[in-house]
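Worksheet for the structure shown next.
These numbers come from the heavy atoms of this one structure, side chains and all, not from hydrogens, waters or symmetry mates. Counting convention: from 1, in listed order, for ligands and their atoms alike.
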Amino acid sequence: MANNSIERGLAAYTDWRNALTTSIVSLQRWLDRESLINQEYQEKITQILSYVDDDNLYVSFVSEYSRGKTELINTLFFSQYGKRVLPSGLGRTTMCPTEIFYNVDQPLGLSLLPIETNSSDRPLNELKTSFNGWVNFPIDADQPNDIIDAFKHLQDVVRVPPQIAKSLGFTSSPLEKSNSSTNDGLVEIPKWRHAMVNIKHPLLEQKLVILDTPGLNAIGTEAKLTINQLPKSHSIVFVLDNSAGVTKSDFELWSKHIEMEDNASRIIALNKIDALWDSIKSDKEVNEEIKKQISRTAKRLNVATDNVFPVSAKVGLIGKIHQRKSMIKKSRVTEFEKALAQNLVPSKKKIVLTNIFPLAQSIAKNIDGLLNTRSNALKLHEEEVLATLNKNNSVTDHIQDNLSADTDLLLNLSEQHSFIDTSFAAPIKELRQLLDISSIEREEARCKSEFKTESSIARKRSILLSYLRRTNQKMHLAVLRAAEIEEKCRGISNSKDFKNDAHIVFRRLELDRHLSMLNNIEQSFLSLELGEGLSHKRQVNRLKKAFDNCSLAISRTFKRALNETNDWRRTLISPLETRVRNQSKRLSERKTSINQLTQSNKELQEKLNANESQQKITVKQKTQLYALVHNINKHLMHSGYTEEDLYKPTERSDNNVVKIKPKAFEV
Ligand SMILES: Nc1nc2c(ncn2[C@@H]2O[C@H](COP(=O)(O)OP(=O)(O)OP(=O)(O)O)[C@@H](O)[C@H]2O)c(=O)[nH]1
Ligand SMILES: [Mg+2]
């Protein structure tokens with residue numbers, strides 16, 4: 001198949017494009033999944049995808065008129081119709097830029113844009129989509145003759161007054177002279193500004209777009225119609241006539257409009273080599289001449305000889321139509337097809353890459369930077385949490401030390417308290433019983449009732465005296481008990497457990513003065529004069545009164561003694577109780593502190609765990625980003641971009657490895 005090279009090139013391009021799209025979409029999905037996407041990245045990715053999606057490959061044929069551009073297009077792309085479908089002939093043939101493509105969504109046919117639109121400022125792209133004035137000629141792909149008829153309109157011209165021609169941008173028509181013979185003062189200008197040919201063809205189906213252009217022998221306004229179309233070309237085929245070589249006007253056209261089209265690859269076709277063939281010249285001589293012309297052309301246009309391809313479009317077309325292999329071979333169209341295929345795809349790639357490369361690199365760099373920043377922030381946070389945790393640990397250690405000392409102290413105090421309490425509980429109880437005011441009062445009441453029932457004064461007196469003696473006796477016993485208690489106190493305060501304890505103060509428990517008081521009461525009762533001459537009744541009254549006074553003083557004395565005993569006990573026990581209470585309180589406060597620290601440490605530990613998980617996620621994300629970007633980069637290393645130009649995210653760096661293992665915390 002003649003078109004194999006171009007078809008293969010286009011198929012390879014499609015594969016590359018699909019692989020690149022897949023790698024970009026994978027990155028997009030990953031960013032989305034990892035919640036790393038934002039509007040900026042979304043827009044950049046959409047932009048990249050739209051550049052990659054714009055998959056048309058433009059190849060433009062440019063030259064002076066009649067060099068054989070249209071013939072070459074017929075040969076390369078339309079020989080299967082068995083006819084010369086695009087009009088090619090002597091003189092100016094193609095009158096307007098002709099875009100040949102296949103769009104499955106539109107009817108097949110030729111659409112022509114009237115030249116009158118040239119007077120408005122509306123750009124062609126806008127007119128392509130939103131202008132109703134296009135003149136359409138539908139075509140049937142199975143009827144080559146109908147196609148040929150329709151395509152004849154590409155040669156249409158109109159005759160207009162010079163001022164109209166001028167208003168449409170034609171300052172000097174190259175046709176003017178050739179038609180001056182009509183002498184009607186009118187000039188010929190192209191009838192159409194632009195032609196769109198929608199035709200089904202395997203290469204056009206693969207998004208190849210061919211631009212046939214009218215010959216450019218005068219670089220004037222008219223030429224702009226063509227020149228404006230060139231920047232979107234991925235490949236420009238510059239057609240020369242082998243016999244003429246690079247003429248002055250060829251060179252002018254080349255240097256002013258083609259040489260500077262950086263984005264497109266340029267192929268020079270040295271057409272019409274068949275003119276060299278005759279029955280006299282040997283093949284060798286012909287080849288020599290062609291070689292010389294190649295070298296002259298390359299030198300003149302300042303290109304490598306590899307870019308110059310001798311060809312005979314006409315013989316190639318005839319050879320293909322009649323399937324004459326020898327003619328095809330001699331025409332060298334196969335070599336030309338190869339060259340076109342080899343140039344077209346790389347330059348398309350170059351254009352796509354020029355657009356998407358910086359975008360793709362900036363996304364990779366920004367996401368990588370974002371992950372690095374995140375990773376550093378996590379590390380910093382981890383260090384802060386660890387520092388707090390360590391601080392907490394040392395505070396906890398300190399409190400723990402105090403806690404055990406405090407526990408010992410509390411134990412000690414409790415022991416002291418219970419020792420003192422139990423040591424004095426029994427004697428104090430006995431003492432309290434002896435001083436118990438209610439038992440004194442009971443005795444007093446019994447005494448009073450005996451006193452009442454007894455009639456003899458002597459007996460009455462004896463009842464009262466025995467009461468006084470009994471109370472005296474009780475107090476005496478109390479004094480003895482107090483002495484015993486004091487003795488016990490001395491023993492304890494000299495024991496090794498209490499000797500140096502300034503907190504334990506043993507006061508003396510002195511009840512002697514209460515005993516003296518009772519003795520005095522008894523003495524005063526004994527010295528009571530009843531008066532011998534007094535009546536019985538008055539004597540009784542005197543006795544009674546004296547007894548009342550005594551019992552009042554006795555009960556007051558016992559109350560005082562009991563109060564002093566209670567005070568003494570309180571003085572002994574209360575400080576210990578207070579200390580035990582305070583110590584318990586301090587202990588429970590320390591325990592609360594430790595609990596709070598434990599809780600805080602638990603929370604810090606949870607933070608550390610969450611931080612560690614986040615760091616692991618970040619490391620994983622970096623590894624994934626590295627793989628995704630690597631996958632995209634594989635497809636970007638073409639057309640002048642080398643490995644050094646690529647941004648490669650750090651897969652795992654020291655910064656990203658979770659190095660700090662959180663210290664296990666134990667209370
Ligand atoms: N002998 C010979 N004639 C050719 C060859 N290619 C084209 N021609 C003839 O040259 C003339 C011009 O060919 P076109 O294809 O119309 O040239 P063009 O460059 O398209 O011209 P414009 O459309 O006017 O710019 C026609 O008569 C073709 O038959 C070729 O390889 N050998
Ligand atoms: Mg032409």
Report task. For the Mg ion (ligand 2), report each protein N, O or S atom nearer than 2.8 Å, sorted by chain and then by residue number. Result ->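 Short answer, with waters excluded from the count: Thr70 OG1, Thr94 OG1.
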
Hey, looking at [atom], which of [options] has the closest heavy atom?
atom	options	value
atom 12 (C) of ligand 1	Gly215, Ser63, Gly89	Gly89
atom 1 (N) of ligand 1	Ile318, Val62, Asp274	Asp274
atom 8 (N) of ligand 1	Lys272, Met95, Arg67	Lys272

Query raised in the report: Does ligand 1 have an atom that lies less than 4.0 angstrom from a heavy atom of Ala313?
Result: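 Under 4.0 Å: yes for Ala313.
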
Query raised in the report: Is the closest heavy atom of Gly91 to ligand 1 under 4.0 Å?
Result: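 Yes, Gly91 has a heavy atom closer than 4.0 Å to ligand 1.
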
**Report entry** Thr93 and ligand 1 - part of the residue with a heavy-atom distance under 4.0 Å
**Finding:**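 It is both parts that get close, each with some atom under 4.0 Å.
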
Query raised in the report: How does Pro214 reach ligand 1, by side chain, by backbone, by both or by neither, if only non-hydrogen atoms under 4.0 Å count?
Result: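 Under 4.0 Å from ligand 1, Pro214 contributes backbone atoms alone.
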
**Report entry** Full working for salt bridge (Lys or Arg N to Asp or Glu O under 4.0 Å) between Glu337 and Lys320
**Finding:** CA-CA 13 Å; Glu337 280 164 358; Lys320 282 185 175 184; 2.7 Å; yes

Query raised in the report: What are the atoms of ligand 1, with element, lying closer than 4.0 Å to any heavy atom of Arg92?
Result: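 Ligand 1 atoms under the 4.0 Å threshold to Arg92: 24 (O).
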
**Report entry** Test side-chain contact (heavy atoms from CB on, under 4.5 Å) applied to Leu344 and Ser265, step by step
**Finding:** CA-CA 7 Å; Leu344 188 58; Ser265 68; 5.8 Å; no

Query raised in the report: Is the gap between the ring centers of His201 and Phe78 under 6.0 Å?
Result: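 That pair passes the under 6.0 Å test.
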
Requested in this report: Using atom types as modelled and distance alone, determine if a side-chain donor or acceptor of Asn136 lies under 3.5 Å from a backbone N or O of Gly109.
Outcome: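 Such a contact is absent between Asn136 side chain and Gly109 backbone.
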
